Amino acid sequence: MKNMKYYIGLVLTLMLASTSCQEDDARVGEIIAPTNVSIAAEIVGADADNPYGDGSGTVNFTSTADDEITYQFHFGDGSEGLSPTGEIEHRFSVTGLNTYTIVVNAVGTGGVISSTSMNVEVFSSFSDLEAVNMLAGTVLGETKTWYWASNIPTHVGLGPVEEDYGNGEFAYEAWWNSIGPWDEEKSCMYTNEFVFTRLEEGLTFEQTEGPAFIPGTYAGVIGVDGDTCHDESVATTMFGLKSVTFGPSTSKAALEGTYNEQPYRGTAFEISDGGFMGWYVGASSYDIISVTEDFLEVRIIEAGGVNAWYQKFTSTRPVEGEGGFESVYDNLIWADEFDVDGAPDPNNWGYDLGAGGWGNQESQTYTNELENARIEDGILKITAKADGTGGYTSARLKSENLQEFTYGRVEIRAKLPSSEGTWPAIWALGANFDTVGWPACGEIDIMEQTGNDKSTTLSTLHFTENFGGEGVTGSTEVTNSTSEFHNYTVEWTPDNIQFLVDDNPVHNSFDNTESTPFNDDFFFILNVAMGGTLGGTIDSEFAEDTMEIDYIRVYQ
């Protein structure tokens with residue numbers, strides 16, 4: 001995230017003469033035109049040292065009138081607002097010195113209006129050109145179309161707006177975070193298309209394909225069925241060309257929170273004229289959590305200020321059944337295809353041996369016996385077995401001092417054991433483990449599975465700042481993980497680390513930096529543990545079970 005200083009000057013001109021659609025005191029039956037319409041403006045943060053405000057570009061407008069019902073505001077930058085109280089906040093974000101004509105309509109009975117206006121001259125230095133380029137492109141007139149990232153878990157999530165509960169829940173989808181890829185209930189919205197266009201004066205936005213999904217939390221407010229899609233007769237602001245304005249984020253989540261251990265970008269954008277990105281909750285202002293050329297994460301606060309929705313989009317339309325992930329690495333530099341029957345290749349694999357719980361209260365003893373680790377019919381089979389005395393044997397293979405790598409795409413095709421209490425793991429450990437110890441060496445858990453949930457897999461990073469239960473982790477549903485082979489992948493670059501299952505991201509990518517331990521050689525570990533912190537209770541009838549690995553491949 002970039003730190004910026006913003007200098008915004010606002011000079012408010014004298015209020016122009018008030019105009020009215022009716023003569024003063026004009027009354028026709030119950031139709032009453034408002035009178036004495038006025039508008040005032042307050043620059044947020046203005047004082048003697050900062051006469052132009054606090055740099056946010058935010059102005060609070062207050063309008064009053066007699067015999068009014070509500071107020072309509074037109075801000076002169078393509079944005080509009082409605083306020084029954086006459087009080088409204090607006091942020092001007094176009095870079096440079098610009099003059100806008102603010103028009104307020106006081107609406108009376110029968111829909112008649114009386115209006116007044118004022119000119120606002122605004123200088124704004126706020127800019128997030130990188131975000132603009134990511135959303136629409138760098139060339140004037142260029143467009144980019146965004147789609148729901150429907151092929152990844154939690155492409156929509158729900159959390160509180162400001163409630164902390166002691167662990168920062170206001171900044172992530174703490175309440176509802178289990179939606180899977182291609183969720184059946186949400187399938188009606190997966191045809192949505194959102195087009196951003198780059199213009200000299202900024203961006204425009206247009207939803208070109210409907211419908212709109214309305215969650216149950218907001219549907220009751222507007223009196224329609226919830227958790228389903230509706231057309232433009234309900235979501236009346238869905239279509240039409242709209243403008244996009246940018247400014248610094250002001251939400252508690254963006255200012256104080258983190259998402260997957262990373263700060264928010266600090267930039268927000270607002271779509272004019274009630275525009276929104278497919279999820280209709282009566283709001284149009286989005287905090288950017290993160291954005292790249294092909295991936296966008298945002299947070300939007302539902303009208304009423306109780307719920308915050310998290311949404312993920314991609315600039316490549318997902319196709320159901322296809323992961324769509326494109327790696328930056330395509331040169332296969334090492335692989336073990338496990339195509340020679342017998343013991344694992346000693347040029348690639350050694351063993352960790354013995355018992356002692358392995359730091360996690362595990363119950364197995366690791367051996368180098370063929371009954372625990374063997375290659376058969378092109379498959380590496382790591383088998384945990386009951387030893388007949390109340391104990392268990394298994395195998396833990398490692399490529400330490402044999403095959404070690406820095407960066408790349410690591411892809412392992414595996415089928416997992418199904419027995420309660422088995423804890424299969426495919427992971428990597430920093431090659432400097434012997435000298436700096438754990439967690440300073442870093443740990444990359446490509447795939448782990450608990451002993452009591454065989455339809456979910458985990459991917460985690462452990463390092464000095466985040467280890468044990470505080471590791472940077474994510475999970476994804478793999479309902480047939482024990483009956484079918486799946487590809488478990490880590491995409492590891494100098495800039496980020498991303499985990500995938502069948503080319504579908506498990507969770508957001510982790511920003512790799514010079515301060516993390518993930519910039520040196522790592523070696524692989526393949527094992528099946530029994531019991532322990534993640535294995536849990538072992539089935540009392542357990543006899544044996546196997547993790548099968550078809551291949552392991554490294555691309556750089």
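Computed from a predicted structure; not experimentally measured.
Using a 4.5 Å heavy-atom cutoff, the side chains of Thr62 and Glu42 are not in contact. Using a 4.5 Å cut-off on side-chain heavy atoms (C-beta onward), Val501 and Val506 make contact. By the 4.5 Å heavy-atom criterion applied to side chains, Phe196 and Val244 are counted as neighbours. Contact check for Ser63 versus Phe73: side-chain heavy atoms found under the 4.5 Å cut-off. With contacts defined as side-chain heavy-atom distances shorter than 4.5 Å, the pair Val161/Glu302 does not qualify. Looking only at side-chain heavy atoms (C-beta outward), Asn192 and Pro211 come within less than 4.5 Å of each other.
In summary, the side chains of Ser249 and Asp287 do present a donor paired with an acceptor at a separation below 3.5 Å, with no hydrogens or angles considered. Side-chain contact, Thr450 with Asp453: no donor N or O sits under 3.5 Å from an acceptor N or O. If you check the side chains of Thr482 and Asn480, you find no donor sitting under 3.5 Å from an acceptor. No hydrogens or angles considered: nothing links the side chains of Asn496 and Ser509 as a donor-acceptor pair under 3.5 Å. Residues Thr513 and Ser515 bring a donor and an acceptor atom of their side chains to less than 3.5 Å of each other.
The OG1 atom of Thr516 sits 11.0 Å away from the CG atom of Asn466 when rounded to the nearest 0.5 Å. Once rounded to the nearest 0.5 Å, the distance linking CG of Asn167 with OH of Tyr172 reads 4.0 Å. A distance of 5.0 Å separates OG of Ser315 from CG of Asp294, quoted to the nearest 0.5 Å. The OH atom of Tyr280 sits 5.5 Å away from atom CD1 of Ile222, with the distance rounded to the nearest 0.5 Å. Atom OH of Tyr407 sits about 3.5 Å away from atom CG of Asn519, to the nearest 0.5 Å.
Remark: side-chain polar atoms of Gln207 are paired, donor with acceptor, to backbone N or O of Glu209 under 3.5 angstrom. Checked by atom type and distance alone, the side chain of Thr191 pairs as donor or acceptor with a backbone atom of Gly210 at under 3.5 Å. At least one donor-acceptor pair under 3.5 Å links the side chain of Lys242 to the backbone N or O of Thr237. With hydrogens and angles ignored, the 3.5 Å screen pairs no side-chain donor or acceptor of Glu362 with any backbone N or O of Gly532. No donor-acceptor pair closer than 3.5 Å links the side chain of Asn452 to the backbone N or O of Thr537. Counting only distance, with no hydrogens or angles, the side chain of Tyr259 and the backbone of Ala253 share no donor-acceptor pair below 3.5 Å. Of the possible polar contacts, none joining the Thr476 side chain to the Pro505 backbone as a donor-acceptor pair under 3.5 Å is found. Within the 3.5 Å criterion, the main-chain N or O of Met134 finds a donor-acceptor partner in the side chain of Lys144. A donor-acceptor pair is defined here as one N or O able to donate and one able to accept, closer than 3.5 Å; no such pair exists between the side chain of Arg299 and the backbone of Glu173.
Between Glu193 and Arg317, at least one side-chain nitrogen of the basic residue sits less than 4.0 Å from a carboxylate oxygen of the acidic one, meeting the salt-bridge criterion.
For residues 221-231, the side-chain hydrogen bond (donor to acceptor under 3.5 Å, both in side chains) pairs, not counting sequence neighbours, are Asp231-Ser233. Contacts classified as disulfide bond (SG atoms under 2.5 Å apart) and involving residues 203-278 (residues at least two apart or in different chains) are given here: Cys188-Cys229.
In this structure, Phe463 has its ring center closer than 6.0 angstrom to the ring center of Phe510. Annotation: Tyr286 is in aromatic contact with Phe269 [ring centroid separation under 6.0 Å].
In this structure, Glu470 places its CD atom where only 12 or fewer heavy-atom neighbours from other residues, nucleotides or ligands lie under 6.0 Å away. Annotation: Glu293, atom CD; neighbour count of heavy atoms from other residues, nucleotides and ligands within 6.0 Å does not exceed 12.
When Trp182, Phe313, Tyr190, Tyr147 are each tested for a ring-ring contact (aromatic ring centres under 6.0 Å, His included) with His155, only one passes: Tyr190.
For Tyr329, the ring-ring contact (aromatic ring centres under 6.0 Å, His included) criterion is met by no residue, not counting sequence neighbours. In this structure, the side-chain contact (heavy atoms from CB on, under 4.5 Å) partners of Asp445, at least two apart in sequence or on a different chain, are Trp427, Glu443, Glu448, Thr460, His462. Qualifying side-chain contact (heavy atoms from CB on, under 4.5 Å) partners for Glu256, counting only residues two or more places apart in sequence or in other chains: Phe170, Lys252. Residues passing the salt bridge (charged side-chain N to carboxylate O under 4.0 Å, His left out) test with Glu411 are Arg409, sequence neighbours excluded.
Ring-plane geometry between His90 and Phe75 is classed as parallel, the angle between the planes falling under 30 degrees on a 0 to 90 degree scale with a further cut at 60. Note: Trp176 and Trp279 have tilted aromatic rings, judged against thresholds of 30 and 60 degrees for the angle between ring planes.
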